[in-house]
Amino acid sequence: MSAPADVLRRAVATGERPTPAGPLVASRVFAWRAVLKIKHVPEQLADTILVPVMFTLAFTYLFGGALAGSTDDYLQFLLPGSLVFAVVIVTLYSGVALNTDVRSGAFDRFRSMPIWRAALLAGSLLGDIGRYLVASAIVIGLGLAMGYRPEGGAFGVAAAVALIVVFAS
């Protein structure tokens with residue numbers, strides 16, 4: 001009869017261990033986890049969509065005529081600020097989600113797994129960048145529909161969004 005340790009080893013080790021996930025795969029999984037959190041906290045999606053719309057419309061039509069004489073003139077100054085503000089509001093969930101993971105012990109559990117150490121942060125960042133881009137697209141699309149005409153053209157708008165996303169991340 002074999003030793004109990006050998007019996008246990010044969011019962012548990014039925015084959016080779018799978019290789020650990022690489023940095024890209026692990027980051028993609030955590031990015032998907034960040035996106036799936038929207039199901040549990042739907043306010044994230046509401047803030048990503050509704051806050052840019054409300055602030056752009058409210059500030060344009062409430063203050064546009066009083067401050068600039070016309071809403072079209074005011075929109076040229078307001079929209080870049082509204083774009084930054086919309087992304088800053090969305091960044092609040094990044095810190096809250098990370099704090100929740102640290103407080104609940106999920107961060108420690110993920111650190112004990114055989115994955116790339118920075119995958120949790122990189123994945124969360126990728127998920128957040130998606131929300132930043134959605135908020136930016138809503139503000140720019142709404143602004144274009146309201147009459148905003150960027151002086152820098154499409155390249156200038158893309159560069160501005162890229163700059164905002166870099167600083168928000």
Side-chain angles (χ1 to χ4, degrees), residues 21-104 106-107 110 116 118-169:
L24 294 177
V25 172
S27 298
R28 188 186 62 174
V29 167
F30 283 110
W32 185 244
R33 178 180 177 262
V35 171
L36 286 178
K37 283 184 179 182
I38 292 174
K39 285 189 338 186
H40 302 290
V41 187
E43 293 88 17
Q44 288 183 8
L45 186 61
D47 286 348
T48 301
I49 294 172
L50 294 179
V51 169
V53 171
M54 287 188 323
F55 280 105
T56 303
L57 290 175
F59 283 121
T60 300
Y61 292 115
L62 286 178
F63 302 122
L67 295 176
S70 76
T71 56
D72 291 335
D73 292 337
Y74 187 62
L75 188 61
Q76 300 302 319
F77 295 104
L78 171 76
L79 198 82
S82 181
L83 180 63
V84 171
F85 184 71
V87 173
V88 166
I89 290 295
V90 175
T91 61
L92 293 175
Y93 288 106
S94 306
V96 170
L98 183 60
N99 184 23
T100 302
D101 283 345
V102 169
R103 266 189 325 174
S104 69
F107 193 76
F110 292 140
W116 183 48
L120 176 62
L121 295 176
S124 297
L125 185 65
L126 289 173
D128 293 338
I129 287 174
R131 285 199 308 269
Y132 302 157
L133 292 175
V134 167
S136 298
I138 289 170
V139 170
I140 292 169
L142 183 62
L144 289 172
M146 292 170 58
Y148 176 71
R149 298 298 174 250
E151 292 181 19
F155 178 75
V157 171
V161 169
L163 186 66
I164 291 169
V165 167
V166 165
F167 277 100
S169 302

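Just so it is clear, the structure is predicted and the values come from calculations on it, not from any experiment. Heavy-atom basis, side chains included; hydrogens, waters and symmetry copies ignored. By convention here, the first residue in the shown sequence is residue 1.
- Side-chain contact check for V157 versus S136: every heavy-atom pair is 4.5 Å or farther apart.
- To the nearest 0.5 angstrom, F85 atom CZ is 11.0 Å from L78 atom CG.
- Considering all non-hydrogen atoms of both residues, S82 and P52 come closest at OG-O, 4.4 Å.
- Every residue two or more places apart in sequence or in another chain was checked for a salt bridge (charged side-chain N to carboxylate O under 4.0 Å, His left out) with R28, and none qualifies.
- For the side-chain contact (heavy atoms from CB on, under 4.5 Å) criterion with R131, the lone passing option out of V35, T48, L45 is T48.
- Considering every non-hydrogen atom in both R149 and Q76, the closest pair reads O-OE1, 3.1 Å.
- Within the 4.5 Å cutoff, the side chain of L79 has no heavy atoms near those of the M146 side chain.
- I89 contributes atom CD1, which lies 9.5 Å from atom CE of M54 (distance to the nearest 0.5 angstrom).
- Here the shortest heavy-atom pairing between I129 and S169 reads CG1-OG, 3.6 Å.
- Side-chain contact between L83 and V161 is present, with heavy atoms from C-beta onward closer than 4.5 Å.
- Of all heavy-atom pairs spanning S27 and A122, the tightest one is OG-CB, 3.7 Å.
- Remark: P23 pairs with W116 by the side-chain contact (heavy atoms from CB on, under 4.5 Å) rule, at least two apart or across chains.
- Annotation: the span from L121 atom CG to F30 atom CZ amounts to 9.5 Å, rounded to 0.5 Å.
- Note that the CG atom of L142 and the OH atom of Y148 stand 13.0 Å from one another [nearest 0.5 Å].
- Exactly one of V165, D128, I164 qualifies for a side-chain contact (heavy atoms from CB on, under 4.5 Å) with V87. That residue is I164.
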